[in-house]
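In what follows, every heavy atom counts, from backbone to side chain, and hydrogens, waters and symmetry copies are set aside.
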Amino acid sequence: QAQLVESGGGSVQAGGSLRLSCTASGLSFNDICMTWFRQAPGKERQPVATIDTSGGSTNYDDSVLGRFTIARDNVKNTLYLQMGSLKPEDTAMYYCAAYPWSRCFMTWAWSNYPHRGQGTQVTVSS
């Protein structure tokens with residue numbers, strides 16, 4: 001059974017860093033593109049960053065460009081999101097999602113993904 005499990009969330013002060021992880025099981029990890037989403041209270045769930053199957057192609061939302069880095073380890077079946085220079089507006093539940101295709105697109109909605117995690121909370125205080 002396919003499963004995605006996020007970890008690494010927590011509380012941090014503005015300007016700090018966190019690294020989120022998403023570990024996959026029951027999936028052919030090398031054959032799935034992946035995306036990090038986030039959802040702040042009262043807002044829609046939005047894509048933050050995507051990565052292709054090889055890890056060689058990434059895309060970011062403008063709000064995190066230059067501060068966040070998405071990466072993957074195809075040996076450990078794990079997706080990462082390194083978050084730096086965190087701001088209070090980064091406070092949200094963060095989710096990972098996977099699609100059995102070489103590349104995911106930032107225009108794809110959460111509902112497009114057949115494999116989705118349960119989320120990890122990130123809280124940034126000022």
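Both Phe37 and Trp108 are members of a single hydrophobic cluster when ILVMFWY side chains are connected at heavy-atom separations under 4.5 Å. Put simply, Val48 and Met83 are part of the same group of oily side chains (I, L, V, M, F, W, Y) that touch within less than 4.5 Å, one to the next. Under the 4.5 Å side-chain contact rule for hydrophobic residues, Val75 and Val5 do not share a cluster. No single ILVMFWY cluster, assembled from side-chain heavy atoms under 4.5 Å apart, contains both Tyr80 and Val122.
For the atom pair CE (Met106) and CG (Asp62), the distance works out to 8.5 Å, reported to the nearest 0.5 Å. Distance check, rounded to the nearest 0.5 Å: CE of Met34 to OG1 of Thr78 gives 9.0 Å. The OG1 atom of Thr120 sits 7.5 Å away from atom CH2 of Trp36, with the distance rounded to the nearest 0.5 Å. Distance check, rounded to the nearest 0.5 Å: CG of Leu81 to OG1 of Thr69 gives 8.0 Å. Taking OG1 of Thr50 as the reference point, atom CD1 of Ile70 lies at 6.0 Å (rounded to 0.5 Å). Taking CD of Gln121 as the start and CD of Glu6 as the end, the distance is 12.0 Å to the nearest 0.5 Å.
Residue-environment remark: CD (Gln82) exceeds the threshold of 12 foreign heavy atoms within 6.0 Å.
Between the side chain of Asn77 and the backbone N or O of Phe29 there is no donor-acceptor pair closer than 3.5 Å. The backbone N or O of Thr53 lies less than 3.5 Å from a partner atom in the side chain of Asn74, making a donor-acceptor pair. Of the possible polar contacts, none joining the Arg45 side chain to the Ala109 backbone as a donor-acceptor pair under 3.5 Å is found.
No cation-pi contact links Arg67 to Tyr60, judged by a cut-off of 6.0 Å to the six-membered ring centre and 45° from its axis.
Across Ser17 and Gly84, no two heavy atoms sit closer than the pair OG-CA, 3.7 Å. The two residues Pro100 and Pro114 make their nearest non-hydrogen contact at CD-CG, 3.7 Å. In terms of heavy atoms, Ala14 sits closest to Pro88 at CB-CD, 4.1 Å. Pairing each heavy atom of Thr35 with each of Cys104, the nearest pair is OG1-CB, 3.5 Å.
The shortest side-chain heavy-atom distance between Leu27 and His115 falls under the 4.5 Å cut-off. Looking at heavy atoms from C-beta onward, Val64 lies in side-chain contact with Arg38 at the 4.5 angstrom threshold. The side-chain heavy atoms of Ser125 and Ser11, taken from C-beta on, include no pair separated by under 4.5 Å.
Between Tyr94 and Phe68, the angle of the ring planes lies from 30° to 60°, which puts this pair in the tilted group.
Checked against the 6.0 Å centroid threshold, Trp110 and Tyr95 count as a close aromatic pair.
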